[in-house]
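From a predicted model like this one, the values you see are computed outputs, not experimental measurements. Heavy-atom basis, side chains included; hydrogens, waters and symmetry copies ignored.
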Amino acid sequence: MNQRQKKNLIRIITAAALMVVLAYVPLSGTARFLAYLVPYFVVGYDILIKAAKGVWRRQPLDECLLMAVATVGAMALAVYEDGDYTEGIAVMLFYQVGEWFQSYAVGRSRRNISELMDIRPDYANLVEPDGVHRVGPDSVGVGSTILVKPGEKIPLDGVVVDGESSLNTIALTGESLPRRVKTGDAVISGCINADGLLTIRTTKRFAESTVSRILQLVEEASSRKSKSEHFIAKFARIYTPIVVGAAAVLAVVPPTVALLGGMEPAWGTWAYRALVFLVISCPCALVISIPLSFFAGIGGASRAGVLIKGSNYMETLASVDTVVFDKTGTLTKGVFEVTAIHPETIEPEELLHLASHVERYSTHPIAVSLRAAYAHEADDCRVEAVEEVAGHGVRATVNGHSICVGNAKMMESIGAAWHPCERKGTIIHVSIDGVYAGHIVISDVIKANAAAAIDALHKNGIRRTVMLTGDAKSVADQVAAELSLDEVYSELLPQDKVAKVEALLRQEQGGKLAFVGDGINDAPVLSRADVGIAMGAMGSDAAIEAADVVLMDDDPLKIAVAQRIARKTMRIVRENIVFSIGVKAVVLVLGAVGLANMWAAIFADVGVMVLAVLNAMRALFASGQLPETPSAAAVREEVLPSGAAVETIPVPQAAAESEPVKEAGSVPHHSYRIEVDCANCANLMEQAANKVPGIRHAAINFMMQEMKVEFEPDADPKEVMPRVRTACKKVEDDCEIYI
């Protein structure tokens, strides 16, 4: 608890204790009234002051005014009727209990998210000529060498230049299985080094590294409001004046009509009903539980390795019924691998052995794939007279034998009797001393969880799965058939993909379309789709920036997980809306006809708010698990006779030195920390800040306690922000903006 929460809790306990004591003290008349005023003012003085200030500043229609009118009226009726002041004090007491619980629940959810995203490294061990120095991560340049000891977080993205270790990636990817890395492997910041000492050459500055990008995405996520949140904000602004007016009518019209009709007006009865009406009408449950539900859902998705950039995208993701995929890097690994070995006259291992030797000095991706497939390429075999034949392949002498490795044209040029292969992919033919020895198939491998991802999406109720690719039709058709995709479109240029997505969007009938991609050429399509989903580990920066959802471990199965989390969050949001409005509507009607007393009103206000907040917190634990689907860790692909396994958790490729972060333009932007415990107050403060001269735009992120401010070009932030603080304090005195 913070100091304010502790202070309010002490007030609540003190007031409750005084009420218990006064129940056994024999007082009457004025003495009894004055005695009960003590616990009333102890627990409610701040509410009365805020209500008075609201009236003075012509901002009266908020929950403070509703509580002040209701409780003062209840105390006045007690003086007029039976001297029972407990109802009026109880209303204020339980309202404060609800407010305290709301503040504590919001603070707890903030802490849960902060702990969940506690991946920011505190330091980096920078290797310099005079030794190793501990420095701030933001002071380490690209190309620097850093040491990461066991138990430490990797502070910046880079490439391992020495050492071997296991990395704990659960904070980034949601995957509990450690990932083994060795010299030459790329690593991303935020992972925890489990056991070995790693020497890493950095490839990105701290501000551009994975950990900084994740934290920025999460912090900005709750700034983008969903339709549900906009509805609740508008609803609260319209609803509160209506119920205040309805309470006034209820207090005046029925007794006036009775008086004109010659009947007993019963002013006290109708005034009591109007006060009950006011207590019930507080919109706290809706105003706090809806944004809290979305924020908790975003946190739950982050824990599963899925970054959803805003509650508006979560709401849209829950409605997706068509998922369109890019192929390379999305459904496939995006790297060439040996997928089949078909020997004619020698053993498979020997065929691969010879091919890798001939390609020893080539930098072509196919040569790299062959060398990677044969673990013992650097043996003591004599490789001589290496000659690259343009457009054909490579010729070399290995241990005295002439070995040719290349395409069909090379085989024909030397008279080797080659034959085609039924497998799809790049076919590498091999001859020994002019005699055909067999061929090796190299292709882009389908990701281990790709088929499971398509199956899980169909089980989620996805109506249509589509693949768009620039690859040849035969390759695209084979991948689509293996994955059971509904539609496939091949040989597309980037602009063709945009056109195809637009055509698919026109075919949508009420649902939404999501596009999943990873390359820089996918950025336009990601922006055009209702929801853009990018691969976060191997995906390009342009794709990640353009996307609305980022999968941190490139596992397509996480798309179904993300959608399940989004749908659970939306169910919780709808439950809170229906429950809160429904209970209030029923109790309002009962209160208006005299069938609900002040205690029922307290439940309709405080009780409903507490239950709605507890329900909202369930979204934090939304995992979207797919228990019927095997995990990525359990799937391995055998591609070599020796049984070597292909890693199914993709490792991001080492990135080239990034461009420096562009400085902001002529419009200065600043972020300020702000303390505010009420979502409704935060909305009102945001409106007040935007009316201050010199402010182009101000946005309060209630869940992250942050105000982002865009100033007019000629404005001085040091002069403008004190005026912003004053304007915000007129809305909520207890708030604080740190400037």
Side-chain angles (χ1 to χ4, degrees), residues 119-129 131-173 175-214 305 329 333-337 363 365 368-369 371-378 535-541 552-554 632-633 644-658:
I119 57 177
R120 186 188 299 276
D122 300 319
Y123 61 88
N125 300 313
L126 180 63
V127 179
E128 295 183 302
V132 179
H133 301 277
R134 179 173 291 191
V135 299
D138 51 355
S139 66
V140 179
V142 174
S144 301
T145 301
I146 58 174
L147 286 180
V148 182
K149 302 172 185 177
E152 292 183 333
K153 296 171 188 171
I154 296 178
L156 299 100
D157 294 4
V159 177
V160 178
V161 295
D162 187 36
E164 185 175 343
S165 181
S166 294
L167 300 184
N168 181 342
T169 65
I170 191 168
L172 297 176
T173 67
E175 176 58 63
S176 59
L177 184 72
R179 181 167 68 83
R180 198 74 187 168
V181 294
K182 59 185 183 304
T183 301
D185 288 344
V187 293
I188 54 179
S189 53
C191 298
I192 297 175
N193 183 17
D195 45 46
L197 178 67
L198 294 177
T199 304
I200 297 171
R201 178 176 53 81
T202 62
T203 56
K204 288 186 179 181
R205 297 190 305 156
F206 180 69
E208 301 165 327
S209 63
T210 301
V211 65
S212 296
R213 187 168 60 192
I214 292 173
K333 294 183 178 182
V335 291
F336 285 105
E337 292 184 358
T363 59
V368 174
S369 302
R371 291 197 301 271
Y374 186 70
H376 310 293
E377 185 271 328
M535 299 293 165
M538 292 186 70
S540 70
D541 288 346
M552 289 314 301
D553 62 354
D554 288 3
V646 176
E647 179 65 50
T648 61
I649 302 174
V651 182
Q653 299 299 311
E657 181 170 340
S658 302

Answer yes or no: is there a side-chain heavy-atom contact under 4.5 Å between Leu197 and Lys149? yes
Locate the shortest heavy-atom distance separating Val132 from Asn125; write the atom from each residue and the value. CG1-CB, 3.8 Å
Can you name the nearest heavy-atom pair linking Glu164 to Leu198, along with the distance? N-CD2, 3.7 Å
When rounded to the nearest 0.5 angstrom, what distance separates OH in Tyr123 from NE2 in His133? 15.5 Å
In the structure I gave you, are the side-chain heavy atoms of Pro155 and Val140 within less than 4.5 Å of one another anywhere? no
Looking only at heavy atoms, which two atoms of Phe206 and Leu156 are closest? And how far apart? N-CD2, 3.4 Å
Please report the interatomic distance CD1(Ile146) to CD1(Ile200), rounded to the nearest 0.5 Å. 5.0 Å
Quick check: does any side chain N or O of Thr145 sit under 3.5 Å from a backbone N or O of Thr199, one acting as donor and the other as acceptor? no
Which heavy atom in Val181 sits nearest to a heavy atom in Leu167, and how many Å separate them? CG1-CD1, 3.8 Å
Exercise: identify the closest heavy-atom pair between Thr183 and Asp162: OG1-CA, 3.7 Å
Where Arg201 and Val161 come nearest, the two heavy atoms and their spacing: CB-CG1, 3.8 Å
Verify, without hydrogens or angle tests, whether Ser166 (side chain) and Arg180 (backbone) share a donor-acceptor contact under 3.5 angstrom. no
Residues two or more places apart in sequence or in another chain: which of them pass side-chain hydrogen bond (donor to acceptor under 3.5 Å, both in side chains) with Ser165? Asn193, Asp195
Could you list the residues that satisfy side-chain hydrogen bond (donor to acceptor under 3.5 Å, both in side chains) with Ser144, not counting sequence neighbours? none
